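Heavy atoms only: backbone and side chains are in, while hydrogens, waters and symmetry mates are out. Note that the coordinates shown come from a computational prediction; the quantities given were computed from them, not determined experimentally. Protein chains get the first letters and strands the later ones, always in sequence-line order, with residue 1 at the start of each.
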Amino acid sequence: MVIKESVNHVRRPKISEWRLIVNIAWLFVINSVLFGVFYFSTHPLTKNIFWPNLSTRFIVNNPTTSFLYQIQSRFASGQETYYVDLLVPFMIFILLVVILGRVWCGWLCPIGFIQNILLRIRKALGIPYKDVSPKATMVLNQMGYVLIFLIAFLSFAVGVTFLGMHNFWTKSELPFESVAPPRPIWIFLQQLVGLESWDSVIPLSSIIVAILVIVLSFKIRHFWCRICPAGALMSLLNRRALVSIQKDGSKCTKCRICLRACPMDIEEIYEEKEKDNVTHETCIHCYRCVELCPEDGCLSVTFMNKTIATSKYPRAPKQKEVVG
Amino acid sequence: MNLISKKKGEKNVQDEKLNPLSSLKASEKRYVSDKILNNLGIKKEQTLSAMKKFIEDEIKKLQSMSQRAQSMAYFDDIARYFGTRAEEVAKFKDAGGHVVGSLCMFVPNEIIAASGALPLRLGSGFHETAGPANVILGDAGLCPLVKSTLGMRMAACSPYFEMCDLLVAPTPCDAKLKLGEILQDFVPVLMLNLPRIKSGAVNRRQWAEEIGILMDKLELLTGKKIKRKDMKVSIEKYQRAYSAYRELMNIRREADVLWGRDALLVAQLSYYDDIERWTQNVHKLVAELKQMKEEGKTIISDEAPRIMLAGSPIIWPNWKIPDIIEESDALIVADELCSATRALSNPVVVDENTKRGMIDAVIERYLFPCTCPCFSPNLERDDNLLNRIRDYKVQGVIFHVLKGCHLNALDATRIKGILEEEGIPMFTIESEYVMGDYQQIKLRLEAFLEMVRAQIDII
Ligand code: SF4
Ligand code: SF4
Ligand code: SF4
Ligand code: SF4
Ligand code: SF4
């Protein structure tokens, strides 16, 4: 006997699926990494586009770079300009992050995307992730700031000629670009599809880092995002962004589902009972927490106080029809 | 299963040798020797027939409620403790199945079901069996639920208890702690050391370890490993059950079509019914209630006070308090009992469908969102109550405290203060299992309900 279930399934926000779609679309259309829209990289209007998230200069037809690259290249290009040319990129960076917060991370960053894919592959293979203790999480997060400091300092040193650092780094090999993981990853992918020739040079250091990042991000959820300097820069403004995660503390049962679902291991999301805005600095706005929180209206995503998605009691999984 | 990494050579908290249960045999009798048991002279047949009569009387009462949903007939049938369901379980057991009983809401049914064993929640609502336990315990002030459950086993009156291969006993309160210990005289018992301060990672690890031991024992019992697929199937089965019950709650929120006593019964039968069949029948009931709602039928007049029942568990067939409330022309629109809604309201939500991910989801579900008074602090219980009061337009709260349950008595004190601020009248009623206090409780509850009525009239 098959009884029709009376559940009027409220559709849960399928945030993870949307995130994947946006990630892919942005990657192809805007970052145009794999297929390379030629127009983008040559047209004067588009060839200098940069985003707050991590990216790399060294990809065929990839017009977009990271704000991090802007800092490096301006610093490294020398002290003659007194660094005023940093001002405009800086304002643009602040504007972009204030509007979208670290949505740049969860939804638009190509490296965030790769980690998302690695996570999904691991999940599909049924391999559990490695837990990161709260302490380690904190330490990793702080590494991001250390990296920013190192990047800024080294680029600055390269630019100041009397220090003699520029002898070690040629202009095209900015400090962070020689270790940043996106470069080898995307060049390799482009080589696979035949966009890039197999003899293009990639610094060995960045290949090693990239392999490490891939292996670690496979086992540890969003490992690179925990130490990413671009992410660390954005985290300074993350709480003040127009996009935020809001919580109705009175509805929270402290069930820890959101914490378990959070790829960045953010404890505050479940612990907070008083404050409404629970967007943490390190939150990459993936909204997995909102997707899985089982209390109606407990967690919501808002943009300029308008609710975009909100948590709902889960739908029951469909029953397979019993034969016989 | 080893859920957290251990140093080499480190043993489980409950070391195999220290734990006589590892062999899954009952230990030597420490509390209730055969001699004591014989001296007690328990009249099993008489007790049994008294219990059966108790159930039949209660079912008759329920059947006489006005406008009662037809689909409740199924649940009445399962409610006959010694009836068809007991036979089914016996058949399952004869066919080589394993039966695992549990003594509180903290035991993950999902995991027991995944191992292939049949989970049964055992807790007794019979006052008839409290007597024999009273004699040997020497503590008349102990919680009657615990006394009755122990007596049930001593008198060998519960078909389910008799069939248990293993009993899982969490330790939320003193009474349950000792209940588990004493029951070891009769059945193999696995005690689960429940952390009572939910402060996060440390307790989580402790609880995970306890559940890990439970999984080991289950695998030992059934002789088969719990696989990823088993977990998935079993979790989804219970997710469907929870979601069906949720539907039932939703319809109660929208219209007065279901008696509170029926709702309590439905929830409680999930304890020992076949969970899939139970789910289907809840769906049937919901469909019928929806029909009633569309036809504009209600079971009680609009003026009836809307009451929420909270506090200590109320276990079938001990329907004394709900009977008194609803027979005084009030409607129980919601409850916060661990024996009913609270046991069915927090779903297991799985993030990653790996075996670890699923086990983690279950482990956390059976600790963190629980608002049992055995936890400290237990502030979520206050929020939970207030939300329910708002959602179900509750006009008065009756907080039931089983005599001897300090935890609920103290929570009642705190909650009363909070509700007073919100202007919601609350009444704490202490009760025993025996019927001796019936008239007194009736008088006091009626007085409270009068007060609530007067307050509604003013508004
Ligand atoms: S933190 Fe992660 S997602 Fe954000 S910019 Fe860095 S790599 Fe990209
Ligand atoms: S998932 Fe929702 S209810 Fe659970 S702790 Fe997080 S915010 Fe609270
Ligand atoms: S807090 Fe929520 S949105 Fe932010 S990273 Fe964690 S799961 Fe994603
Ligand atoms: S109040 Fe807590 S300890 Fe007592 S029966 Fe309910 S869940 Fe168990
Ligand atoms: S009702 Fe109270 S005393 Fe009795 S078992 Fe439950 S928590 Fe313990």
(request) Would you please go through residues 255-269 of chain A and name the residues with a non-hydrogen atom below 4.5 Å from one of chain B, in numerical order? (result) A:C255, A:R256, A:I257, A:R260, A:A261
(message) Given 3.5 Å as the limit, does a donor-acceptor pair link the side chain of A:S235 with the main chain of A:T282, or not?
(response)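 Checked: no pair found.
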(message) Looking at B:L269, is its backbone amide N or carbonyl O close enough to the side chain of B:W278 to form a donor-acceptor pair, meaning the two atoms are under 3.5 Å apart?
(response)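 A pair under 3.5 Å: no.
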(request) Could you tell me whether B:E254 atom CD has more than 12 heavy atoms of other residues or ligands within 6.0 Å of it? (result)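 Atom CD in B:E254 is packed in, count exceeds 12.
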(request) Considering only heavy atoms and a distance below 4.5 Å, find which of B:E380, B:R246, B:K198 pairs most often with chain A. (result) B:R246
(request) Mind ranking B:T354, B:D382, B:L367, B:V348 by heavy-atom pairs under 4.5 Å with chain A and telling me who comes out on top? (result)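 The answer is B:T354.
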(request) Measure B:A361 against the heavy atoms of chain A and call it side chain, backbone, both or neither at under 4.5 Å. (result)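 Both backbone and side chain.
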(request) Give, for atom CG of B:L379 and atom NZ of A:K273, the distance between the pair rounded to the nearest 0.5 Å. (result)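 One gets 7.5 Å once the value is rounded to the nearest 0.5 Å.
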Under 4.5 Å from any heavy atom of chain B, what part of [X] do you find: side chain, backbone, both or neither?
{"X": "A:R120", "value": "neither"}
{"X": "A:E295", "value": "side chain"}
{"X": "A:Y129", "value": "both"}

(request) Verify whether one side chain among A:R288 and A:S16 offers a donor that lies under 3.5 Å from an acceptor in the other. (result)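 Their side chains do contain a donor-acceptor pair, which is all the 3.5 Å distance test asks for.
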(message) Would you say B:E295 and B:Q291 are linked by a side-chain donor-acceptor pair, where the criterion is simply a distance under 3.5 Å?
(response)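 Yes, because at least one side-chain N or O of B:Q291 sits under 3.5 Å from a partner of the opposite role on B:E295.
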(request) Would you please name every residue forming a side-chain contact (heavy atoms from CB on, under 4.5 Å) with B:R388, sequence neighbours left out? (result)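 With neighbours one apart ignored, the set is B:M308, B:E336, B:T341, B:S345, B:N384, B:Y392.
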(request) Just jot down the salt bridge (charged side-chain N to carboxylate O under 4.0 Å, His left out) partners of B:K227, sequence neighbours excluded, or say none. (result)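 Once residues adjacent in sequence are excluded, B:K227 has no partner under the salt bridge (charged side-chain N to carboxylate O under 4.0 Å, His left out) criterion.
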(message) Could you work out, with salt bridge (charged side-chain N to carboxylate O under 4.0 Å, His left out) as the rule, every residue matching B:R277, not counting sequence neighbours?
(response) B:E88, B:D273
(message) Tell me which of these, A:K251, A:R122, A:K254, has more heavy-atom pairs under 4.5 Å with chain B than the rest.
(response) A:K254
